Amino acid sequence: NPSSDVAFGGEEMLAQWDPVLDRTVTITAPSDMTPKFGVAGMTLAPVESASGGTHTWTFHIANQPDRNPENGSPSDAAVLPRLVYGIQPSWAKVIEPVAAKFLATAVPQPLPASIKAEADRIVAGATTPADKAKKLFAYVAHDIRSIDLPLGTAGYQPHAPDAVLAARYADPRDKVGLLLALAAAEGISGQPVLVRSGNVPVLQDVPTLAQFDHIVAKLAVDNKDAWLNPSDEDGQYDVVLAGQDGLVLPLERGGSELGHRPLADPETSRSHVTAAYALAPNGDLDATYTYQLTGWYARQASSELRPLKGATLDKFFQENAADLSAAAVDRGHTVSDTSSVQGPITVTQHVAVPGYAAAQGDFRNFELPDITLSLADDVPTAGLSERKYPLWIGSPRTEQGDVTVQIPSGWKVAYVPPKLDGDAAGVHYSSACEAKGQTVSCHDEIRLDKLEIDPKQYAPYHDALAKLQAYERRVVLLQKG
């Protein structure tokens, strides 16, 4: 007789990367109860038996071969066989008691006076619901310390929002509850939503909370849904990876059924890099980079750059400059507010590279340099020729590059790289360069629009990445004249 604040079921891994000589999972329930089962990743039926008013289902596997992990695969639960079981007849029955307790505790009526007062303080100066939501999200994400407690470990009912506000630390359910309470104080409605991370499929026919490992908030802002993960201290407004293109479970009074969360638009996460190169007559290179990062990229920038200050930040940029050449020197850099919850986060860097492209008689090969901020170039590599498991891509996103090269007087452009464009499973790319007078201009764009690449679609993706990687070493040929 479990309480209403437990998972009502569970999930068991049936395999691991090492060989499985023998694995047995037994589930016993009263004879008048019929659990629901689902096996993902393999075909396996239970052996049933009955005794003394109970019914037992036994799942057994033996002599399973060694499985070899592959770099870039999703989480183990997404690729290895697992058993999911539940005892409730429907998702509404699973969620009804949990939702009632969660919402009554997180958003009590009336709201505590301390919650209303703090919400008013946080949103001071904001004039629109979206501005208010962003300030409230930033406050809970940054000012309430996150405690990493797996969902369900201490139940699903959060602590009261005024208690969380006073303590100033919280696990994911408490952070979502506090955010919903603060939003409600400002007239913004919302609801908690259970999601599964790592693109692990939720088995629709097995109702159990054990299939979900995280909780996020969905606010109704200006007639649109804003998905927020206040447990992520580097999170961005309306950018949540967990649950994309998958089944999610809203916590609604009276119970609810599964819903489907759409895949994010690749334009919501954008890396726009502007690189201006000036080549001196003696071959020295002056390079200026400007990075505009939103969504996924802004989150990565916040995670990597926000902890760095002073000398450690200077060292970071010098090390990045050295990727261009051992002689490269960081001449200056700037980083905008990395605590912003809606980009762009802007990063600039000025690099000097002595002797980058020396003349060879009447010719000079100028290889277009790489960017210095690696997090702005986040396209998963395709190192394997074939895959057994999917390749994890992550949130849909877009990378754009605009490059200009200023050629020294006395030289002319004899050759620019040819145009390149193509499509493959999950990736679309284009690149083109042109020369006008003493200036070479290039425009590049890559769009990723899948969370992962299925092994059956991997070969075209691999071929596309091979072309892109070869094309990255683009050369502009200069000639005296």
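Keep in mind that what you see is a predicted model, and the values were worked out from it rather than measured.
- Looking at Asp174, its side chain does come within 3.5 Å of a backbone N or O of His159 through a donor-acceptor pair.
- In this structure, Ser31 contributes its side chain and Gly53 its backbone to a donor-acceptor pair below 3.5 Å.
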(Q) Does Val79 form a side-chain contact (heavy atoms from CB on, under 4.5 Å) with Arg67? I'd like the steps, not just the answer. (A) CA-CA 11 Å; Val79 296; Arg67 297 171 183 266; over 6 Å; no

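- Shortest non-hydrogen contact noted between Val341 and Ala138 is CG1-CB, 3.6 Å.
- Atoms OG1 and CD1, on Thr56 and Ile27 in that order, are 10.0 Å from each other to the nearest 0.5 Å.
- Of the inter-residue distances, the one linking Glu252 atom CD with Leu103 atom CG reads 9.0 Å to the nearest 0.5 angstrom.
- Going from atom CH2 of Trp296 over to atom CG of Leu241 covers 5.5 Å, rounded to the nearest 0.5 Å.
- A pairwise comparison of heavy atoms in Val206 and Gly86 identifies CG1-N, 3.6 Å as the closest pair.
- When side chains are defined from C-beta on, Val405 does not count as touching Val476, because their heavy atoms never get closer than 4.5 Å.
- Heavy atoms from other residues, nucleotides or ligands lying under 6.0 Å from CD of Glu367 number more than 12.
- Between Leu285 and Pro369, the closest heavy-atom pair is CD2-CG, 3.8 Å.
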Q: Test Asp32 against His55 for side-chain hydrogen bond (donor to acceptor under 3.5 Å, both in side chains), laying out the working first.
A: CA-CA 9 Å; Asp32 60 353; His55 198 134; over 6 Å; no

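- Using a 3.5 Å distance cut-off with no hydrogens or angles, the side chains of Thr26 and Thr58 do not pair a donor with an acceptor.
- In this structure a side-chain-to-backbone donor-acceptor pair under 3.5 Å is present from Thr312 to Lys309.
- Side chain of Arg397 to main chain of Asp378: a donor-acceptor pair is present (N/O by atom type, distance under 3.5 Å, no hydrogens or angles).
- In this structure, Asp205 places its CG atom where only 12 or fewer heavy-atom neighbours from other residues, nucleotides or ligands lie under 6.0 Å away.
- Taking both residues in full, the closest heavy atoms of Asp238 and Ala226 are given as OD1-CA, 3.4 Å, listed atom of the first, atom of the second, then distance.
- Between Leu179 and Pro230 the shortest heavy-atom distance is CD2-CG, 4.2 Å.
- Here the NE2-OG distance, from His142 to Ser340, works out to 8.5 Å after rounding to the nearest 0.5 Å.
- Counting only heavy atoms from C-beta outward, the side chains of Thr372 and Asp323 never approach each other to under 4.5 Å.
- Side-chain atoms of Arg299 and Ser395 form no donor-acceptor pair, as typed in the model, at a separation below 3.5 Å.
- Two residues are said to be in side-chain contact when any heavy atoms from C-beta on lie closer than 4.5 Å; Leu151 and Leu194 meet this criterion.
- Among Val39, Val20, Leu80, the single residue meeting the side chain to side chain contact (heavy atoms under 4.5 Å, CB included) criterion with Leu14 is Val39.
- A 4.5 Å side-chain heavy-atom check between Ile61 and Met42 finds at least one atom pair inside the cut-off.
- For Tyr415 and Phe366, the ring centers are positioned 6.0 Å apart or more.
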Q: Evaluate side-chain hydrogen bond (donor to acceptor under 3.5 Å, both in side chains) for Ser302 paired with Thr338, printing each intermediate quantity in order.
A: CA-CA 5 Å; Ser302 174; Thr338 53; 5.3 Å; no

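- Among Gln292, Glu399, His272, the single residue meeting the side chain to side chain donor-acceptor pair (under 3.5 Å) criterion with Tyr297 is Glu399.
- Judged by distance alone, with hydrogens and angles left aside, the side-chain atoms of Arg173 form no donor-acceptor pair with the main-chain N or O of Phe102 at under 3.5 Å.
- Here the side chain of Thr105 pairs no donor or acceptor atom with the backbone of Gln157 at under 3.5 angstrom.
- Within a 6.0 Å radius of CG in Asp18, other residues, nucleotides and ligands contribute more than 12 heavy atoms.
- Side-chain contact between His428 and Asp449: present, with at least one pair of heavy atoms (C-beta onward) separated by less than 4.5 Å.
- The aromatic rings of Phe317 and His333 lie parallel to each other, with less than 30° between the two planes, well short of the 60° mark.
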Q: Take Asp444 and Arg474, measure what side-chain contact (heavy atoms from CB on, under 4.5 Å) needs, and give me the verdict at the end.
A: CA-CA 12 Å; Asp444 314 294; Arg474 292 174 292 178; 2.9 Å; yes

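- Using a distance-only test at 3.5 Å, with no hydrogens or angles considered, a donor-acceptor pair links the side chain of Ser146 to the main chain of Ser231.
- The environment of Glu386 atom CD is sparse: at most 12 non-hydrogen atoms of other residues, nucleotides or ligands sit within 6.0 angstrom.
- Annotation: side chain of Val200 is in contact with side chain of Arg82 (closest heavy-atom distance under 4.5 Å).
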Q: In sequence, state the C-alpha distance, the side-chain angles, and the governing distance for Leu180 and Leu219, and then conclude on side-chain contact (heavy atoms from CB on, under 4.5 Å).
A: CA-CA 8 Å; Leu180 293 173; Leu219 300 185; 3.9 Å; yes

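- Contact annotation: the side chain of Ile95 approaches that of Leu209 to within less than 4.5 Å [non-hydrogen atoms, C-beta and beyond].
- We find that Arg387 and Glu452 are not joined by a salt bridge, their nearest charged nitrogen and carboxylate oxygen being 4.0 Å or further apart.
- Atom CZ in Arg196 sits 9.0 Å away from atom CG in Leu203 (nearest 0.5 Å).
- Listed here is the closest heavy atom pair of Pro354 and Ala327: CD-O, 3.4 Å.
- Taking a 6.0 Å sphere around OH of Tyr471, one finds it holds more than 12 heavy atoms contributed by other residues, nucleotides or ligands.
- Checking side-chain atoms of Lys36 against main-chain N and O of Gln88 turns up no donor-acceptor pair under 3.5 Å.
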(Q) Apply side-chain contact (heavy atoms from CB on, under 4.5 Å) to residues Tyr85 and Val25 and explain how you reach the verdict. (A) CA-CA 11 Å; Tyr85 59 94; Val25 178; 5.6 Å; no

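- In the model, Asn229 has a side-chain atom that pairs as donor or acceptor with a side-chain atom of His214 under 3.5 Å.
- Of the inter-residue distances, the one linking Leu468 atom CG with Asp463 atom CG reads 11.0 Å to the nearest 0.5 angstrom.
- A donor-acceptor contact shorter than 3.5 Å links the side chain of Gln318 to the backbone of Ala328.
- No donor-acceptor pair closer than 3.5 Å links the side chain of Ser197 to the backbone N or O of Ala242.
- Side-chain contact between Thr348 and Thr288 is absent, with no heavy atoms from C-beta onward closer than 4.5 Å.
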